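All values below come from the heavy atoms of this structure, side chains included, with hydrogens, waters and symmetry mates left out. A quick note: this is a predicted structure, and the numbers were derived from the prediction, not measured.
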Amino acid sequence: MSSFVTVADLVKDNELKVYSGEELLSTKKITTSDISRPGIELTGYFDYYPSERIQLIGQTESAYSVSMTANNRYKVMLEICREDTPVLLISRAIQPSDELLKAAEEHKVPVIGSELPTTRLSSMITEYLDRRLAPRESIHGVFVDVYGIGILLTGHSRIGKSETALELVKRGHRLIADDRVDVYQQDEKTIVGEAPKILNHLLEIRGIGIIDVMNLFGAGAVRSSSDIQLIINLENWSPDKNYDRIGSMEDKREIFDVKVPQITVPVKVGRNISIIIEVAAMNYRAKKMGYDATKKFEENLGALIQDNTNKEEK
């Protein structure tokens, strides 16, 4: 988990313009994804001013400040620019006033901007900060995109996860991460997985070594991140274990606060695990669209039992 994001990263990753304070960008830290629009503060009310947030100035705030005298505008901007204020962000390519720039310079607060409308800019920055500041953990496994479904392959070392991922890439699917998957919670229902930077686009195949999937198979064979929608746990076949045969043994794995569906696939000689994973992805998608083959089987079985019962009664 990252406890902060520097303003320099914010500017670079979101292609923002720097109006002033460029020398401060790498030292100013953003610790919360909440954004403040200092509307009521422009009237002089600062009792509950969240100075630790990004201060976003849009067309409404700018229009109101223009109606103020230069002296009042300068005094208010001095109050807005505090020691813990990370940055002033201006939307719609609005040119910051001289009073704002002067106050920001005195209190060492950088001023940056964007051409985007205020609401869109606020949404984009909030989403970016939510992603960067979210709690993270690393999971051992291989993460692939199969038919648009993010599937996390787990199982003990040497079970064949990387080789299965290679076969899936050959069949037209995409690799996201091999060996280690960095995961974070995007919202109440979504877990996102991505590769650590050092392993991006790389796949380890025992006997060959490290291969660059993007270099060998093209940009269409990789993906930077995806929601983790299904977990498939690979384990060696055991004749003593009762494996799910009709799909009624639903299991889930909790990652942070989100429960992700999980199925166990036994591995043994002669089983084509790649095709099984493809079918699992299609079956998951069918369930999300409202069709459940297990329920269909149970309905057919119930109808058959009822039909046989009626015949016996006759």
Is a donor from one side chain sitting under 3.5 angstrom from an acceptor on the other, for N14 and Y128?
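No, no side-chain donor-acceptor contact under 3.5 Å.
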
Does a donor on one side chain and an acceptor on the other come within less than 3.5 Å for N236 and H156?
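Note: N236 and H156 side chains meet the donor-acceptor criterion.
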
Within the supplied structure, the quantity of interest is the number of heavy atoms (other residues, nucleotides, ligands) at a distance under 6.0 Å from [X] [atom1]; does it exceed 12?
X: R120; atom1: CZ; value: no
X: Q186; atom1: CD; value: yes
X: R158; atom1: CZ; value: no
X: K75; atom1: NZ; value: no
X: E106; atom1: CD; value: yes
X: I198; atom1: CD1; value: no
X: E15; atom1: CD; value: no

Could you tell me whether a side-chain N or O of [X] sits under 3.5 Å from a main-chain N or O of [Y], the two making a donor and an acceptor?
X: R180; Y: S138; value: yes
X: R53; Y: D34; value: no
X: D178; Y: S162; value: no
X: H201; Y: M214; value: no
X: R223; Y: I176; value: no
X: T85; Y: I80; value: yes
X: R271; Y: V265; value: no
X: T27; Y: L24; value: yes

Which heavy atom in P110 sits nearest to a heavy atom in G21, and how many Å separate them?
CB-O, 3.7 Å

Before you tell me yes or no, could you show the steps for M77 and K102 under side chain to side chain contact (heavy atoms under 4.5 Å, CB included), namely the whole-Å CA-CA distance, both residues' side-chain angles and the distance that decides it to 0.1 Å?
CA-CA 9 Å; M77 292 305 168; K102 183 180 178 182; over 6 Å; no

Suppose we screen for salt bridge (Lys or Arg N to Asp or Glu O under 4.0 Å). Which residues come up paired with E61, at least two apart in sequence or across chains?
R37

State the [atom1]-[atom2] distance between [X] and [Y], to the nearest 0.5 angstrom.
X: E163; Y: I205; atom1: CD; atom2: CD1; answer: 4.5 Å
X: R174; Y: D145; atom1: CZ; atom2: CG; answer: 4.5 Å
X: I211; Y: L166; atom1: CD1; atom2: CG; answer: 5.0 Å
X: L230; Y: R285; atom1: CG; atom2: CZ; answer: 12.5 Å
X: N233; Y: L153; atom1: CG; atom2: CG; answer: 9.5 Å
X: R131; Y: S33; atom1: CZ; atom2: OG; answer: 12.0 Å

As a quick check of understanding, evaluate side chain to side chain contact (heavy atoms under 4.5 Å, CB included) for I277 and E167, giving each step before the final call.
CA-CA 11 Å; I277 290 171; E167 175 66 20; over 6 Å; no

Could you pull out all donor-acceptor pairs under 3.5 Å where a side-chain atom in residues 86-94 meets a protein atom, sequence neighbours excluded?
{"residue": "S91", "atom": "OG", "partner": "T118", "partner atom": "OG1", "Å": "2.7"}

Could you please spell out the steps behind the side chain to side chain contact (heavy atoms under 4.5 Å, CB included) verdict for Y49 and R82?
CA-CA 10 Å; Y49 173 53; R82 297 187 178 179; 3.6 Å; yes

Could you go through the side chain to side chain contact (heavy atoms under 4.5 Å, CB included) check for I231 and I255 one step at a time?
CA-CA 11 Å; I231 298 173; I255 303 177; 4.1 Å; yes

Can T190 and D227 be said to form a side-chain hydrogen bond (donor to acceptor under 3.5 Å, both in side chains), step by step?
CA-CA 7 Å; T190 309; D227 298 349; 4.8 Å; no

